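Below is one structure, written out as structure tokens; the observations come after it.
This structure is a prediction, so every number in the text was calculated from the model and none was measured. Index from 1, following the sequence.
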Amino acid sequence: MEPISKDDFRYKEAERRVKRIKRFYFSVFIYIAVNIFILYLNYTELKPNESIFQLKFFALPFFWGIGVAISAMRTFIPGFMLGNKWEERKIKELMEKEKNGR
């Protein structure tokens with residue numbers, strides 16, 4: 001196995017991907033912790049004979065969960081919503097603009 005230089009493009013790309021995955025897992029942890037806490041608070045505030053299964057108690061976890069799902073797709077599905085190909089095209093476009101502007 002050949003040694004990988006920290007200046008290598010593949011190393012930098014892998015490092016960026018690992019950071020993105022790490023941020024995603026941290027956000028999932030925060031999502032779970034905050035929603036458990038909020039549901040616990042809502043449960044303790046229930047009146048007698050009132051059910052926890054109401055829309056108002058699950059609206060936040062549901063809509064925040066949609067955001068977490070989109071974040072998962074962006075993290076684990078290459079090219080989902082402005083992926084690598086878009087980044088490459090944008091870099092080339094900006095380099096061309098700068099080259100023509102000088």
Side-chain angles (χ1 to χ4, degrees):
M1 184 174 175
E2 65 184 75
I4 299 175
S5 169
K6 290 190 177 193
D7 296 327
D8 188 7
F9 175 75
R10 293 174 296 167
Y11 179 84
K12 290 191 182 292
E13 186 66 30
E15 185 178 44
R16 196 173 82 181
R17 184 159 167 73
V18 167
K19 286 180 182 179
R20 185 179 299 148
I21 292 170
K22 184 178 174 182
R23 279 193 315 262
F24 170 73
Y25 285 141
F26 183 73
S27 68
V28 168
F29 172 76
I30 295 297
Y31 168 79
I32 291 170
V34 168
N35 282 301
I36 287 174
F37 180 71
I38 290 173
L39 286 173
Y40 171 75
L41 289 178
N42 289 336
Y43 180 74
T44 59
E45 296 293 321
L46 287 176
K47 296 176 181 138
N49 297 326
E50 188 177 18
S51 173
I52 188 75
F53 298 105
Q54 299 176 30
L55 178 62
K56 66 181 180 181
F57 295 133
F58 290 98
L60 174 67
F62 176 75
F63 290 111
W64 192 359
I66 291 172
V68 170
I70 291 171
S71 178
M73 287 187 259
R74 290 186 68 204
T75 302
F76 296 110
I77 299 175
F80 183 79
M81 289 181 69
L82 304 178
N84 292 338
K85 290 180 183 179
W86 177 84
E87 289 176 6
E88 290 173 11
R89 284 194 316 265
K90 196 64 174 173
I91 289 170
K92 287 178 184 177
E93 177 186 321
L94 292 173
M95 289 174 65
E96 285 294 320
K97 281 184 182 179
E98 186 168 320
K99 188 170 91 174
N100 292 335
R102 286 188 175 179

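- For Thr75, the side-chain contact (heavy atoms from CB on, under 4.5 Å) partners are Arg20, Ile21, Phe24, Ser71, not counting sequence neighbours.
- Residues passing the side-chain contact (heavy atoms from CB on, under 4.5 Å) test with Ile77 are Met73, Phe80, sequence neighbours excluded.
- A search for ring pair (Phe, Tyr, Trp, His ring centres under 6.0 Å) contacts involving Phe58 returns nothing, not counting sequence neighbours.
- Val68 and Ile36 fall within a single hydrophobic cluster, where Ile, Leu, Val, Met, Phe, Trp and Tyr are joined by side-chain heavy atoms under 4.5 Å apart, directly or via other members.
- Listed by chain and number, the residues in a side chain to side chain donor-acceptor pair (under 3.5 Å) with Gln54 are Glu50 (sequence neighbours excluded).
- In this structure Ile38 satisfies the side-chain contact (heavy atoms from CB on, under 4.5 Å) test together with Val34, Asn42, Leu60, sequence neighbours excluded.
- Val18 and Tyr11 are members of different hydrophobic clusters when ILVMFWY side chains are connected at heavy-atom separations under 4.5 Å.
- Residue Met95 belongs to a hydrophobic cluster whose other members are Ile91, with links defined by side-chain heavy atoms closer than 4.5 Å.
- Residues Pro61 and Asn35 come closest through the heavy atom pair CG-OD1, 3.3 Å.
- To the nearest 0.5 angstrom, Thr44 atom OG1 is 11.0 Å from Leu39 atom CG.
- Following chains of ILVMFWY side-chain contacts shorter than 4.5 Å, one can reach Phe76 starting from Phe26, so the two form part of one hydrophobic cluster.
- A single hydrophobic cluster is seen to contain both Ile70 and Phe63, as judged by linkage of ILVMFWY side chains at heavy-atom distances under 4.5 Å, directly or through other members.
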Show the numbers, then the answer: is there a salt bridge (Lys or Arg N to Asp or Glu O under 4.0 Å) between Arg16 and Glu13? CA-CA 5 Å; Arg16 196 173 82 181; Glu13 186 66 30; 3.2 Å; yes

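- Legend: ring-ring contact (aromatic ring centres under 6.0 Å, His included) pairs involving residues 29-48, not counting sequence neighbours, sorted by first then second residue: Tyr31-Trp64.
- Applying the side-chain contact (heavy atoms from CB on, under 4.5 Å) test to Lys92 and every residue at least two apart in sequence or in another chain returns nothing.
- Applying the salt bridge (charged side-chain N to carboxylate O under 4.0 Å, His left out) rule to Glu45 yields no partners; only residues at least two apart in sequence or on another chain are considered.
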